[in-house]
Amino acid sequence: PKATDSDGPAQLSQRSDSTYWPGACVIGSTYNVELAELLGVMVGNEGLFKDIQGWYAPSMNIHRSPFSGRNFEYYGQDGVHTGLMAAAVVKGARSKGMVTYIKHFALNDQEQDRQLNGGVITWASEQSMREIYLRSFEYAVKRGDANATMGSFNRIGIMPSVTHYDFYVSVTREEWG
């Protein structure tokens, strides 16, 4: 059967009759996981009304640099805080059957020159990735029951993140379930 997906962290579709939700920075600044879960439920309800089954959201990188072109999509600068907020939104949307493509997996740092061949290269140790940068994604999978990811176009070290076996199989599937 046909499935319809929509991309937009602050709205479910680009149509003029869509609801515009508060941005992730606003939701994150409330520190209210119950409110975040209710937002996810409402996104799921809107998906049912508009026959949209998948949502490319929430975005859950952290504010790693003030120059990141996507900071408006992220909840904050702490992996645990971001993870708790994003997991709640995911849990709410999933309660209505929505497929949530948590994004931009992983370490998305900038918008300009981020193509796979020769674009931005993000450097981080495995320890910092696990303790800080991947924590939000882990929470969304384990606590929110996220069931899909949307990759990013950066390289992590020398390996393009969207083709990184350890991220997409070893970490998300085997470690996080």
Side-chain angles (χ1 to χ4, degrees), residues 1-28 33-61 68-75 82-108 110-111 114-117 119 134 136-156 159-177:
K2 177 186 170 192
T4 303
D5 297 331
S6 182
D7 187 9
Q11 67 186 103
L12 192 55
S13 71
Q14 303 298 322
R15 300 187 324 208
S16 62
D17 64 343
S18 290
T19 304
Y20 291 89
W21 305 104
C25 291
V26 174
I27 297 299
V33 292
E34 293 84 11
L35 182 64
E37 186 173 346
L38 286 174
L39 184 142
V41 168
M42 295 308 296
V43 169
N45 282 337
E46 187 171 2
L48 292 171
F49 296 140
K50 295 181 187 240
D51 197 29
I52 297 173
Q53 293 78 35
W55 182 36
Y56 288 98
S59 301
M60 58 189 57
N61 284 290
S68 174
R70 297 280 177 149
N71 278 343
F72 71 96
E73 291 187 20
Y74 305 147
Y75 295 97
T82 295
L84 292 171
M85 300 305 289
V89 171
V90 167
K91 183 178 178 183
R94 295 281 298 129
S95 74
K96 299 297 181 173
M98 182 69 68
V99 174
T100 54
Y101 298 89
I102 55 177
K103 64 181 189 179
H104 299 88
F105 194 63
L107 282 83
N108 190 48
Q110 71 185 43
E111 288 303 291
R114 64 183 184 138
Q115 61 273 19
L116 288 175
N117 298 322
L134 297 180
S136 57
F137 292 95
E138 180 181 6
Y139 277 34
V141 170
K142 288 182 173 179
R143 296 177 181 216
D145 195 32
N147 57 346
T149 61
M150 176 182 169
S152 58
F153 286 118
N154 61 319
R155 292 176 170 279
I156 297 174
M159 177 66 80
S161 63
V162 296
T163 60
H164 204 294
Y165 182 87
D166 285 331
F167 278 152
Y168 283 99
V169 177
S170 299
V171 175
T172 59
R173 291 183 185 173
E174 294 171 5
E175 289 183 29
W176 298 344

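Small disclaimer: the values here were computed from a predicted structure and weren't measured. All heavy atoms count here, side chains included; hydrogens, waters and symmetry mates do not.
- Side-chain contact between Trp176 and Val171: present, with at least one pair of heavy atoms (C-beta onward) separated by less than 4.5 Å.
- Residues Val99 and Asp5 fail the side-chain proximity criterion, which asks for heavy atoms closer than 4.5 Å.
- Considering only heavy atoms from C-beta on, Lys96 stays 4.5 Å or farther from Val43 through its side chain.
- With rounding to the nearest 0.5 Å, the separation of CE in Met150 from OG in Ser59 is 8.0 Å.
- Looking at every heavy atom in both residues, Ala88 comes nearest to Val33 through CB-O, 3.3 Å.
- Counting heavy atoms from C-beta outward, Ser136 and Met85 have side chains that stay 4.5 Å or more apart.
- Checking side-chain atoms of Lys91 against main-chain N and O of Gly40 turns up no donor-acceptor pair under 3.5 Å.
- Residue Lys2 comes nearest to Gln53 through the heavy atom pair O-OE1, 4.3 Å, listed as atom of the first residue, atom of the second, then distance.
- Taking OG1 of Thr149 as the start and OH of Tyr56 as the end, the distance is 10.0 Å to the nearest 0.5 Å.
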* **Residue pair Glu73, Lys103: steps toward the side-chain contact (heavy atoms from CB on, under 4.5 Å) verdict** => CA-CA 10 Å; Glu73 291 187 20; Lys103 64 181 189 179; 3.6 Å; yes
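- Taking OG1 from Thr100 and CH2 from Trp55, the interatomic distance works out to 8.0 Å, rounded to the nearest 0.5 Å.
- Of all heavy-atom pairs between Val90 and Asp145, the closest is CG1-C, 4.2 Å.
- Here the CG atom belonging to Asn45 is positioned 9.0 Å from the CE atom belonging to Met98, to the nearest 0.5 angstrom.
- Heavy-atom minimum distance, Gln11 versus Trp21: CA-CD1, 4.0 Å.
- Glu46 and Thr19 get closest at one heavy-atom pair: OE2-N, 3.2 Å.
- When every heavy atom of Met60 is checked against every heavy atom of Phe137, the shortest pair comes out as CG-CE2, 3.5 Å.
- Taken to the nearest 0.5 Å, the OG atom of Ser152 stands 8.5 Å off from the CZ atom of Phe105.
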* Carefully, step by step, assess Tyr74 and Cys25 under the rule side-chain contact (heavy atoms from CB on, under 4.5 Å). => CA-CA 6 Å; Tyr74 305 147; Cys25 291; over 6 Å; no
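- Under 3.5 Å, the side chains of Tyr75 and Asn61 contain no donor-acceptor pair of N or O atoms.
- Expressed to the nearest 0.5 Å, how far CD of Glu37 lies from OG of Ser95 amounts to 7.0 Å.
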